[in-house]
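Just so you know, these numbers use all the heavy atoms, side chains as well, and skip hydrogens, waters and symmetry mates. Both ligands and their constituent atoms are indexed starting at 1 by order of listing. FYI, the numbering just counts along the sequence from 1.
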Amino acid sequence: MYRAPRGTTDILPEEQTYWRYVEAKAVELCQLYGYRRLDTPVFEEAALFTRSIGEGTDIVTKEMYILKDRSGKALALRPEGTAPVCRAYIEHGMANLPQPVKLYYLAAIFRYERPQAGRYRQHYQFGCEAIGDADPALDAEVIQMPYQLLVSLGLSEVTVQLNSIGCKACRPDYIKALKHHYAPRLTDICPDCKIRLEKNPLRLLDCKQQECQHIADEAPRTTDYLCQGCQEHFEAVTRYLKSLSLPFNLNHRLVRGLDYYTRTVFEIQPLVGGAQSALGGGGRYDDLIEQLGASPAPAVGFAIGIDRVVLNLKKYKLPVPPIASPGVFIACLGEEAKTEAVKLAASLRAQRIGVIMASGNRSLKAQLRQADSLGSRYTIIIGEEEMKSGRLTLRNMLSGEQQSLTATELRAALEKSA
Ligand code: HAM
């Protein structure tokens with residue numbers, strides 16, 4: 001028997017209520033904030049991600065799905081959404097549009113991770129990117145958007161973790177101080193941190209190993225090393241968030257798992273579960289567009305994991321509106337009646353009345369049972385008698401009441417009740 005590949009799941013019809021609801025709320029949010037949808041391919045040149053996410057990151061070294069196409073080109077299933085959006089911004093000359101360009105996506109994302117609850121090899125993200133403007137008000141906006149979305153879904157038991165990791169001007173001094181802090185403690189840190197110290201020192205702060213906790217806690221803080229520009233930017237971001245009454249925690253150990261960030265970084269975490277189960281995150285990436293070969297364009301964005309949002313909606317038993325299914329079922333007996341039923345179903349659908357038609361040659365009782373299990377409000381019955389009289393029977397499935405109607409009367413009755 002074939003099964004869905006490890007770390008992937010089917011989103012069954014009964015689950016779709018959650019997914020469609022979250023997506024509809026996300027689209028509504030983007031309309032409120034003026035973000036326009038962009039869909040990019042599921043795969044890109046692998047180098048796009050290696051360059052942007054960073055060669056030393058877990059995503060690039062351990063988690064990318066790389067495939068060679070028949071010409072030998074290395075492609076990667078997208079392990080995140082920001083780099084493809086930047087690639088498209090450059091490719092389509094969006095720098096010539098009024099800036100910032102505000103884009104959003106709803107996309108499947110692929111990472112070869114160790115699967116567990118809330119961590120999958122294919123997951124879905126809703127993300128927004130505002131490209132072409134360094135205004136700190138945009139940082140506040142992209143923090144407010146996912147927060148507002150989660151609250152509007154009923155998920156307000158979250159914290160916003162915030163930090164600034166500076167820019168290429170001030171970060172080298174910080175990294176020097178960080179290395180200085182770790183140098184005398186080499187024998188106390190985990191093997192991974194020994195590698196991080198050489199390859200990606202900022203990630204030392206993010207270590208989850210017990211033995212590294214107090215060393216990382218006591219490490220110098222990025223915010224103490226910000227240049228004047230970064231400092232003013234960060235002050236403005238926090239000022240705007242306060243003016244929005246958006247609660248946040250300054251977290252000097254928040255650095256994120258992708259290398260493209262500058263200045264603001266943030267994560268939205270559930271009160272229970274913490275960093276391992278972050279619902280969303282993002283930040284500023286002022287150098288990325290330039291790194292990809294175009295003229296510099298500062299940018300900021302976020303993405304939330306829809307799978308984790310859905311898990312939380314279920315966990316807290318939050319209500320989601322049902323997806324409407326056709327309210328009318330047509331039951332028929334005999335071949336002649338079936339021809340009539342096919343015609344009637346088509347004409348009702350043309351009137352925008354949803355109809356499910358009985359299939360096969362089951363008894364009336366079995367057909368009514370099916371109508372019931374589908375949740376139909378009405379069943380139209382076409383049997384021998386109806387064929388003779390030219391009238392149709394309309395059964396109210398809730399009360400069991402039946403009426404004999406002409407086709408015109410039936411249409412009017414269904415329209416009225418729609
Ligand atoms: P990220 O933090 O790697 O950021 O992913 C965003 C969100 O996707 C996470 O907070 C989490 O909810 C969800 N997520 C990540 N990995 C998995 C997984 N394996 N299974 C289920 N859910 C997962 C980014 O990807 C950045 N591109 C965000 C961004 C946009 N930064 C600026 N703009």
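- Ionic pairing of E267 and R256 is present here: one or more N-O contacts between side-chain nitrogen and carboxylate oxygen are shorter than 4.0 angstrom.
- Per-residue contacts place Y260 under 4.0 angstrom from the following atoms of ligand 1 (heavy atoms of the residue considered): 26 (C), 27 (N), 31 (N).
- For N312 (side chain) and R308 (main-chain N/O), a donor-acceptor pair under 3.5 Å exists by modelled atom type.
- Looking at I59 next to ligand 1, no N or O pair under 3.5 Å apart turns up.
- Nearest non-hydrogen protein atom to atom 9 (C) of ligand 1 is A278 O, 4.0 Å.
- Summarising the contacts of atom 31 (N) of ligand 1 with F302, Y261, Y285, F266, the nearest heavy atom is found in Y261.
- Shown in contact with G301 at under 4.0 Å from a heavy atom are these atoms of ligand 1, numbered in order with element: 30 (C), 31 (N), 32 (C), 33 (N).
- In terms of protein heavy-atom proximity, atom 14 (N) of ligand 1 is nearest to H123 NE2, 3.3 Å.
- Put simply, the side chain of E113 never gets that close to the backbone of E63: no donor and acceptor are under 3.5 Å apart.
- Cation-pi geometry between K102 and Y33 is not met: the NZ or CZ atom fails to fall both under 6.0 Å from the ring centre and inside 45° of the normal.
- Within the 4.0 Å heavy-atom shell around ligand 1 one finds G280.
- Using a distance-only test at 3.5 Å, with no hydrogens or angles considered, a donor-acceptor pair links the side chain of R253 to the main chain of C207.
- Here F110 has no heavy atoms under 4.0 Å from ligand 1, in either its backbone or its side chain.
- Atoms of ligand 1 found under 4.0 Å from any heavy atom of G118, numbered from 1 in the order shown, are 20 (N), 21 (C), 22 (N).
- In this structure, atom 20 (N) of ligand 1 lies nearest to the protein heavy atom Y120 N, 3.0 Å.
- Aromatic pair Y225/Y174: ring centres closer than 6.0 Å.
- Ion pairing between a basic and an acidic side chain is recognised when a charged N comes within 4.0 Å of a carboxylate O; K338 and E335 show no such pairing.
- Taking CZ of R185 as the start and SG of C212 as the end, the distance is 12.0 Å to the nearest 0.5 Å.
- Residue E129 has at least one heavy-atom neighbour below 4.0 Å for each of these atoms of ligand 1: 30 (C), 32 (C), 33 (N).
- Taking the charged nitrogens against the carboxylate oxygens, E45 and R51 have no contact shorter than 4.0 Å, which rules out a salt bridge.
- Remark: the backbone N or O of G118 is paired with a side-chain donor or acceptor of Y120 at under 3.5 angstrom.
- The side chain of Q125, and not its backbone, has at least one atom closer than 4.0 Å to an atom of ligand 1 (non-hydrogen atoms only; side chain from C-beta on).
- Remark: ligand 1 and D307 share no N or O pair separated by less than 3.5 Å (distance only, no angle test).
- Within the 4.0 Å heavy-atom cutoff, G257 does not count among the residues contacting ligand 1.
- Once rounded to the nearest 0.5 Å, the distance linking CD of E340 with CD1 of I330 reads 10.0 Å.
- In the candidate list R111, E80, R256, R111 is nearest to atom 3 (O) of ligand 1, counting heavy atoms.
- Close approach of ligand 1 to L279 is summarised as follows: ligand atoms under 4.0 Å from at least one heavy atom of the residue are 10 (O), 12 (O).
- From the protein, the heavy atom lying nearest to atom 13 (C) of ligand 1 is G305 CA, 3.6 Å.
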